[in-house]
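Working notes for the structure below.
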Number of protein chains: 2
Amino acid sequence: MKKSTTELKGVKEIARRANVSIATVDRVLHNRPGVSKQTKDKINEIIIELNYQPNLLAQRLASRKTIRLATLIPMGSKETSYWEAPLSGIEQAEGEINQLGIIIDKYFYDQNSSDSFTDQTKIILESNPDGVLLAPSFVEESVKFTNGCTELGIPYVLFNSDLPNNDSLSYIGPNLYQSGYLAAQLISYLISDKDKVLIVNISKEIDNRHHLLKKEEGTRAYFKDHHKPNDILKLDIKQTDYKSIEETLSETFRENDNIKVVFVTNSRVSWVARYIDESKKDVILIGFDFLKENLEYVNNGVIDFLICQKPKEQAYRGVMSLYKHLAFSLPVEKVHFMPIDIVTKVNCPYYQN
Amino acid sequence: MKKSTTELKGVKEIARRANVSIATVDRVLHNRPGVSKQTKDKINEIIIELNYQPNLLAQRLASRKTIRLATLIPMGSKETSYWEAPLSGIEQAEGEINQLGIIIDKYFYDQNSSDSFTDQTKIILESNPDGVLLAPSFVEESVKFTNGCTELGIPYVLFNSDLPNNDSLSYIGPNLYQSGYLAAQLISYLISDKDKVLIVNISKEIDNRHHLLKKEEGTRAYFKDHHKPNDILKLDIKQTDYKSIEETLSETFRENDNIKVVFVTNSRVSWVARYIDESKKDVILIGFDFLKENLEYVNNGVIDFLICQKPKEQAYRGVMSLYKHLAFSLPVEKVHFMPIDIVTKVNCPYYQN
DNA sequence: CTGAAAGCGCTTACAG
DNA sequence: CTGAAAGCGCTTACAG
C-alpha cells in the first residue's frame, strides 16, 4: 500500500490531519486558551485516534525549563550521624538527573531549633521551587510549611516521618507503628512472662516525640494483642547528655528488678548501650538505625537488635519520585513504606544501608 | 564587564572558541576520525576548560536512536507464581522509560526445558539488542549466552541468581549463601541441641540446583561457625509432583524422630506445608518467597518464616540500571544484594513484595 | 482564534 | 580534514 504523503510523526501528523498548524495542536495539547471549540474537538479526536504520546525528550528540550527541587533535612550533628545517609541519597539522585535539567537546592535545619527550621522553610518558599522533599521534625511548623507549598501549588514529598492529614504527593518511610509492633514480636521471642520491658524515649524536642510515641504504641499493641502479661515500664528522657541519661537509667534499674529488655525508640540507643556496657547489666537491648556508633555495640554484643529502614534509599526515592512526577507526569505511589529490616551481629556485615 | 558576543552554550560555544564548526566539535566529542591532531587537541582543551557536559536530552533526541532492551525470564507456570513478580517489575520500569525512547522486548523460557532457554537466547542474540536482562537458570547454557553477549558487545545484567565468573554489568539479587546463613540463625533461636534439622531441596532440573546448594552451604556454615551439635538431614527431591514429595517426606519422618525444623531452600515450600498440615506434624517450617500459595500457610501457622527478597524490585532495578548505563553512561554498581527480608504471620500484611 | 518562524542542543548525511 | 544545512519533536514569542 502506498502512502500519498510521507508519514509524519507527533504534532506534525496531528496538524496535517486536522488541517491546522502545529502551534494550534500545541495549544490543545496543553489546554491553553485561544482555540475555537470546533477545531479543538477535531484535534482532540485525532489525538485519541492516534493515541498520541508526546516525546518527553523533545518536550523538555524545547521548553528550556530546568526543574528546581528543594530538599530540607536536619543538618549533621555531633549527636548523631544519622542524617549523613539521607544526604548521600539525595546526592546520588542528583548525580543521576542533573544532566537532565534538574537542579537540587539543599537546605538544612538544626534539629534542636524549630526557629532554624522555620527560617529555612521561608527561604524555600521564597525561592518558589518546582518541588520539595522534606524530612519533617517539628509538627506544627512542618504543617505550616506544607500548607504554604500547597497554596503555591508546589508538590512535596515527605520522608523519614509522616505528618498528620496532609496532601503530600507521597510519603516514603517507615510505618512507625508497625516497627514498634515488630520490635515487640522480637522481644516476645526472648522473654518469659515475669520479665519486664523498659521502653526509652530520648528526645529533647517535644515535637520530635510523636514519632517515638507511635512506635511505643505499636509495641504496646503487640503485647495487648497477644495477651502478654509482662510489665512495660517507660522512660521519657529529655536531657540528651550522657550524664542525665545515665542517672535516669541508674535510678530506674535501682527501683525495678527483672528488667530483661530495654527498647530504645530511636537511634540514640548507643548511649543506653554505653550505660549497659559500663554497668554490666544483663539485658537485651533493641534500638534503631544503622549508625557507626550503634554498630560498635552491635558487634560487641551489647545491642542485640537494630531496626533499620534504609535512610539513604528513602531520600533517593523521594527525589526520584518528585523527578518522575515533575518531568514526566508519571504516577507516584501515595505511600511507600520502607521494609523494616532487622540487623543483628550476624547479618550486620551484609546489610546495605 | 561586557561580553563582546552573546554567550553561547554547549557545542556552539566550543566551536566558536576553537574557530571550527560544530560538526568538528561533535567529531572530537565522540572520538570519530577525520580531525587533525592540532584542532583535536585545541578542542579537547576547550572542552576541559569549559567542563563541558553534553545535554543528554538533546543528544538522545537528535540521534534518533531508540534503545532496545531484551529481558529473558522463566514463563509463568502452574507450579509457581513466582515469576509474575519480576515480570511486573519489568513492566513497571517499561512504563517509566518507554516515553524516553526505550523499547523492551520480553522473552520467556520454560524452566523445565533447557532447550527452550537456548532457543530464546538465540533469538535474542539475532535481534542484537542494546542490552539484556537475564534471570539465569541453566548454568552452562546461560554462560554460553552471556559469552555471546560479550562477543557482540551487548551489556547484560543478571538478577535473581548469579553465574560463576562472568563479566556482567551488574548482578542484582540475593546473596544466596547469606540467606541460608540467616535461615540458620533463625532456626538456632528456635531449637535445642538434640533437635534435628531437615533441609529440603526441591528441583527437577539439576542445573537449577547450584542455587539451592549455595543456601544449604550457608545454613551448614552457620551451624559449624556456632558449634551447634544438631543433626542436619538433607533431602533432594527431583520429582516435583505432590505425590512424590509426600512419599519422600513420609519416609524421612518415619525413619527419623526429633525432626524439629524443616527448611525448604526455595519457593516450593507450600507443598511441604501441605504435607505437614495434612499429617499434622509439629515442626517449624521455613521457606522462601512471598507467593500466594505460601502465604496461605503462613497465615494458618504452618509456615513459620518466609525469607523474601523483593523479586519485583530486583527486575525493576535490573531494567533501570541498563537504562541508566545505556542512555546516560551512568556508573552501575557491579553487585546489588537485595535485603534478606523475614516475613512472619505478624509482619506479613505489611510486607511489600 | 490561528499560523509562520525561530530555537532548544545536539547528530547526521552530504559536499567540498 | 572540515563546514553548511537539515532535522530530531517539541515550545515559544510574535504577527495578524
Indicate whether OP1 or OP2 belonging to [N] is found under 4.0 Å from a side-chain N or O atom of [X].
X      : N      : result
T39(B) : dC1(D) : no
Y52(A) : dG9(D) : no
K37(B) : dC1(D) : no
T24(A) : dC1(C) : no

Report the distance from atom CZ of R32(B) to atom P of dC10(C), rounded to the nearest whole Å. 13 Å
Rounded off to whole Å, could you give me the CG-to-P distance for the L56(A) and dC8(C) pair? 21 Å
Short N-O contact, K310(B) and E313(A), less than 4.0 angstrom: no
Between E13(A) and R17(A), is there a side-chain N and carboxylate O pair less than 4.0 Å apart?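 Here E13(A) pairs with R17(A) in a salt bridge, since their nearest N and O are under 4.0 Å apart.
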Looking at every strand, decide which applies to [X] at a 4.0 Å heavy-atom threshold: base, sugar-phosphate, or nothing.
X      : answer
G10(B) : sugar-phosphate
I22(A) : base
K65(A) : sugar-phosphate
R60(A) : nothing

5'-most contact on DNA chain D (nearest-nucleotide basis), S21(B) vs A58(A), goes to S21(B)
I'd like to check S321(B) versus F159(B) (side-chain heavy atoms, cut-off strictly below 4.5 Å). Are they in contact?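 No; the side chains remain at least 4.5 Å from each other.
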Measuring only between side-chain heavy atoms, which start at C-beta, is N98(B) closer than 4.5 Å to I104(B)? no
